[in-house]
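For ligands, and for the atoms within them, numbers begin at 1 and follow the listed sequence.
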Amino acid sequence: MSKFWSPIVSRLTPYTPGEQPKIARLVKLNTNESPYGPSPLALQAIAREVSDSLRLYPNPDAEPLKQAIARRHAADGVSVREVFVGNGSDEVLAHAFHALLQHGKPILFPDITYSFYPTYAGLYQVEYRAVPLAEDFTLRSEDYLGHGQAIGGIIFPNPNAPTGCLLGLADVERILQGNPERVVVVDEAYIDFGGQSAIPLVQRYPNLLVVQTLSKSRALAGMRVGFAVGHADLIDALERVKNSFNSYPLDRPAIAGATAAIEDEDYFRKTCNMVIASRTALAAQLAGLGFQVLPSAANFLFVRHPQHDAAQLAAALRADGIIVRHFKSERISQFLRITIGTDEDCGVLVEALRRHLGQQ
Ligand SMILES: *Cc1c(COP(=O)(O)O)cnc(C)c1O
């Protein structure tokens, strides 16, 4: 604390990102990064931009990237005016809080969810109500109905994080229909690993904002690109906030690399399918070791062992050079969130767990 701080600064609760350890030869399964590299075409496009052109400002609207995203979703009627891009989906989400959820009324999100939501709520002074997930950690769409104009909006990840549980599209649509006067933000950071995106609903629901990222399924976490698809009026609001904050959130290599990554559908499908296959195999192996494994539609598993303390298991794995994520919050303190690595990574993890569980 300092006398120089604006009053809000001491009231903030900043988000704590998963650790990026400096140890070499680590099995890093803690922040849901892709175990495979970005598309080779994306890397080539990035390399081409690392040139004399860097003396010039980038395109402020990241036009080529918006066009590539609109083209990819053209069958769902998406046009460039319905696409917003930002410096990681975290920035897109922050602008959504600022531009679309700040109405002087509490917003709703699940009690167990992406921990950046309460942080943004604090930053933008948006009140919120944490809606408890069901006992089995699924989101009940009925909990988000019947609030009328007493709420300021709704946001949830689908699949949810850190549980991995998927909400079916019919339930997403129910929430949209039940809240025609409020914006519903669906954070689809993990949708490419087996879920059905809500993007096809955008043409019918002007209150829907779908947010996606290139950090997970397109292996570009280090480059920071995310986007939103929604009615042009919602996108306009995001653009107004963005242009009051930073005209150039995406640099030249990011625009070029992200555009190429979106266009390389084959590499995208291949790597997502590899992650899904590894997830199925790892879930079965962990169940075989006695873990309860929540059904996951994401690139991670959320697991608990009835006889072993999660924090102790995480510490034991860490000593082996295997990093997984453990959250201290009450309802989930006995769970571990494990990112799907390569099959080799998963094998190393399973062997270590077998040792720690005394099942060698
Ligand atoms: C990873 C993640 C994001 C943020 O991703 P960016 O790297 O900022 O694009 C957003 N929402 C959820 C639920 C996530 O897990």
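- None of Phe327, Phe156, Tyr15 except one satisfies the ring-ring contact (aromatic ring centres under 6.0 Å, His included) rule with Tyr114; the exception is Tyr15.
- For ligand 1, the atoms sitting less than 4.0 Å from at least one non-hydrogen atom of Ser89 are 3 (C), 4 (C), 5 (O), 6 (P), 8 (O), 9 (O), 10 (C), numbered in the order shown with element in parentheses.
- Residue Gly88 has at least one heavy-atom neighbour below 4.0 Å for each of these atoms of ligand 1: 8 (O), 9 (O).
- Other residues, nucleotides and ligands place no more than 12 heavy atoms under 6.0 Å from the CZ atom of Arg81.
- Of all protein heavy atoms, the one lying nearest to atom 13 (C) of ligand 1 is Asp187 OD2, 3.3 Å.
- Counting heavy atoms closer than 4.0 Å to ligand 1, residue Asp90 contributes atoms from both its backbone and its side chain.
- Within the structure, ligand 1 has Lys216 among the residues with a heavy atom less than 4.0 angstrom away.
- Lys216 NZ to Thr339 OG1: the interatomic distance, rounded to the nearest 0.5 Å, is 9.0 Å.
- For Tyr117, no nitrogen or oxygen atom sits less than 3.5 Å from a nitrogen or oxygen atom of ligand 1, counting backbone and side chain alike.
- Looking only at side-chain heavy atoms (C-beta outward), Asp264 and Arg218 stay at 4.5 Å or farther from each other.
- Under a 4.0 Å criterion applied to the non-hydrogen atoms of Thr213, ligand 1 contributes the atoms 5 (O), 6 (P), 7 (O), 9 (O).
- Near Ser215, meaning under 4.0 Å from any of its heavy atoms, are these atoms of ligand 1: 6 (P), 7 (O), 9 (O).
- Taking the centre of each ring, Tyr128 and Phe109 come in below the 6.0 Å mark.
- The structure places CD of Gln67 at 11.5 Å from OG of Ser79, a figure rounded to the nearest 0.5 Å.
- If you look at Arg224 next to ligand 1, the close heavy atoms, those under 4.0 Å, all belong to the side chain.
- Heavy atoms only, all atoms of each residue included: Ser333 and His326 are closest at O-NE2, 2.8 Å.
- Annotation for ligand 1: atoms under 4.0 Å from non-hydrogen atoms of Tyr190 are 1 (C), 14 (C), 15 (O).
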